[in-house]
Each structure stands twice: as C-alpha cells, then as structure tokens.
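Note that this is a predicted model, so its numbers are computed, not measured. Labels below follow one simple rule: chain letters A, B, ... track the order of the sequence lines, proteins then strands, and each chain is numbered from 1.
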Amino acid sequence: MTIATWNVNSIRTRLPRLLAWLERRRPDIVCLQETKVEDERFPVAELGGLGYRTLACGEKTYNGVAILSRSPGTDIVRCLPDDGADAQRRILVTTIDGVRIVDVYAPNGGELGSPRYAYKLEWYRRLRAFLAAAFDPGQDLVLCGDLNIAPDERDVWDPEQWRGQVMCSEPERECFRALVGWGLTDALRMHQPEAGGLYTWWDYRAGAFRRNRGLRIDHILLSPSLAKRCSAVLIDREERKGARPSDHAPVIAAIP
DNA sequence: ATGGCTACTCCTAGTAGA
C-alpha cells in the first residue's frame, strides 16, 4: 500500500489540485490536515468520483483532519479522549486494511512562552498518553501528519536563524522524540539518514520555495512491523509548484 | 535590497498559519 500525508491548507481551495494529484499518484490512503471545513461541507462526492471514501473530522475556519481511502475504515476515533466536546479538530484514527492510521494536525504553538505554545506542549503530552493507552507498538500502525516540529538541524534551512524558534525549540523536539521513543520510526530518515535540504513546508513569502528555505515538519512515523516493510518515502515537491499551491508538500510512503 | 503570502470570516480588517 501507499500512504500519504498532506496539509492542504483548505480542502475547498485545494480541491482541484487534490483531485489531479490523486489521479496522478493513486495513493491507497491519504491523511489530510487543515481542511478548514465542517463535515457537512466536505467535498465527499467529488472524492467519491475518484473511488475514495472520506472520513472527516473538521470545523469551520481552523484545523480539521480527514482520511481518504480506497478501502473502508473501521474503529474510528475522533479527537483525544480528554478533549472536550468543543475541541479543536486535530486527530482522526481509523483502521484500514488491518493498519491502524493516526492522522494528526499538531498545534502551531504561536510564540515561545505564549499560551498557544503551552497548549502545544500539553497537547503533545496528551497525544503521547493516548498512544500509550489505546495502541501497541507491536501492531501495524502509522502516525502521520503535520506535526509542526522540525526534529533536528538537518530539517531546517537555516538552523541559526531558527534556533529556539517555534517548531525548533528543545521542548518541542523532546515531544517528537517521545513519539519515536514509544516505538515509532521516522520513515523519511530511515531512508535518508543524513541528507539536508529535505523539507515539507516553505513560507509563501520571500520566494522561500524557489530558494528551498523550508522546514521538515510533516512526518510519517511507522511501528516496527511497518518500518520493516517500508521500501521508499517521497516528498512530493512538485505539489508545491504551480498555481495556488498549499504551503506544504505531500509526503508519501510505499509499504508493499 | 533580507522583504516579498495566503486563507479564513455573518468578509473589505483582523486573525492565523509556520
């Protein structure tokens, strides 16, 4: 199977590009983030026309995650167990073809020391607790999405400029290492252990994409059984080019 | 030249993204 993750920055704005990309890449499972739409308004019919089923967990304007798949999903979980009824829509879990899929849109974090930064760290603590309580690293499991953390200096175009900034701070990186420490493998780094310049997000401003001034903040993390099978991981930079792109590129893992 | 953007909303200004 191929599984992809993509922060589309609005499913409605990105729908033409998403449909063309699905036709070209034909991934089996796609985890989307920042759909920015309530579930009633999600473009289910258009995606169905290409043979994809939709599971959506969204809200108006902000956040929102969704999972597209050829096979149906079962055992669906929306939000974290300690989220309230009005929680930000940031997590969606399902099982597809025997693989547990955890689709995540982590908080941005605002500025270091801000309430939103504290919320991000707390949210990661709750995510880690959810993993421990609800899953087993011995199962076939993928945790992927926009984690809003660049794990180390190889993942940042200018480590000096970004040192201590949000997405690069040591407490955030400790949150990423806690996921890996639970038993997950960073699929891209498994295949490209040293390479720099591999980014998944580039600012819309300042010609950042053209200059490859980016960050690697979108990740596919695999349980050991899937890491063993994963044969390739691709950052689909083509999707950051052209008219009206998302500011994120998709990441695709092949798991034969 | 060191900045330049995009998408959302009871839309035309303010907020958020990262």
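- With distances taken from any side-chain atom of W201(A) to the nucleotides dA18(B), dT2(B), dA7(B), the minimum falls on dA18(B).
- Comparing the C1' positions of dA18(B) and dC5(B) gives an interatomic distance of 12 Å, to the nearest angstrom.
- Put simply, K36(A) has no side-chain N or O that comes within less than 4.0 Å of OP1 or OP2 on dA16(B).
- At a threshold of 4.0 angstrom between heavy atoms, the contacts of R14(A) are confined to the sugar-phosphate backbone, with no base atom among them.
- Look at the P atom in both dC10(B) and dT6(B): the space between them is 23 Å, to the nearest Å.
- Cation-pi check for R89(A) over Y105(A) is not met; the charged atom does not lie both under 6.0 angstrom from the ring centroid and within 45 degrees of its normal.
- Checking the phosphate oxygens (OP1, OP2) of dA7(B), a side-chain nitrogen or oxygen of R244(A) falls inside 4.0 Å.
- Nucleotides dG3(B) and dA7(B) are separated by 23 Å at their P atoms, to the nearest Å.
- With rounding to whole Å, Q33(A) atom CD is found 17 Å from dC8(B) atom P.
- The side chain of N9(A) contributes no N or O atom lying less than 4.0 Å from OP1 or OP2 of dT6(B).
- In this structure, CG of N63(A) is placed 14 Å from P of dC8(B), rounded to the nearest angstrom.
- Using modelled atom types, no side-chain atom of T95(A) and backbone atom of G98(A) make a donor-acceptor pair closer than 3.5 Å.
- Each of dC8(B), dA18(B), dT2(B) was ranked by its minimum atom distance to the side chain of R213(A); first place goes to dT2(B).
- Listed pair T61(A) / dA16(B) fails the phosphate criterion, with no side-chain N or O lying under 4.0 Å from OP1 or OP2.
- In this structure, R205(A) places its CZ atom 21 Å from P of dA1(B), rounding to the nearest Å.
- Rounded to an integer number of Å, the gap from L215(A) CG to dA18(B) C1' is 7 Å.
- The same ILVMFWY cluster, assembled from side-chain heavy atoms under 4.5 Å apart, contains both Y124(A) and I91(A).
- Side-chain atoms of H248(A) never come within 3.5 Å of backbone atoms of Q33(A) as a donor-acceptor pair (strictly under, hydrogens ignored).
- Residues F130(A) and F135(A) place their aromatic rings such that the two centres sit under 6.0 Å apart.
- For R12(A), a side-chain nitrogen or oxygen approaches OP1 or OP2 of dT9(B) to under 4.0 Å.
- Residue order along DNA chain B, read from the 5' end via each residue's closest nucleotide, puts T13(A) first among I217(A) and T13(A).
- As rounded to the nearest Å, dC11(B) and dT15(B) have P atoms that lie 15 Å from one another.
- Each of G109(A) and Y204(A) has a nearest nucleotide on DNA chain B; the 5'-most of these lies closest to Y204(A).
- Atom CD of E34(A) is separated from atom P of dA16(B) by 13 Å (rounded to the nearest Å).
- Rounded to whole Å, atom P of dC8(B) lies 13 Å from atom NZ of K60(A).
- Contact annotation for N7(A): backbone-only contact, meaning every heavy-atom pair under 4.0 Å involves sugar-phosphate atoms and none involves a base.
- Judged by distance alone, with hydrogens and angles left aside, R211(A) brings a side-chain donor or acceptor within reach of the base of dG4(B), the pair sitting under 3.5 Å.
- Put simply, S10(A) has a side-chain N or O that comes within less than 4.0 Å of OP1 or OP2 on dC8(B).
- What separates NE2 of H248(A) from C1' of dA16(B) is a distance of 12 Å, to the nearest Å.
- Although no hydrogens or angles enter the test, the distance criterion places a donor-acceptor pair under 3.5 Å between the side chain of T2(A) and the main chain of D28(A).
- Across the protein-nucleic acid pair, Y62(A) atom OH and dT15(B) atom P stand 9 Å apart, rounded to whole Å.
- Y105(A) comes within 4.0 angstrom of sugar-phosphate atoms only, judged by non-hydrogen atoms across all strands, and of no base.
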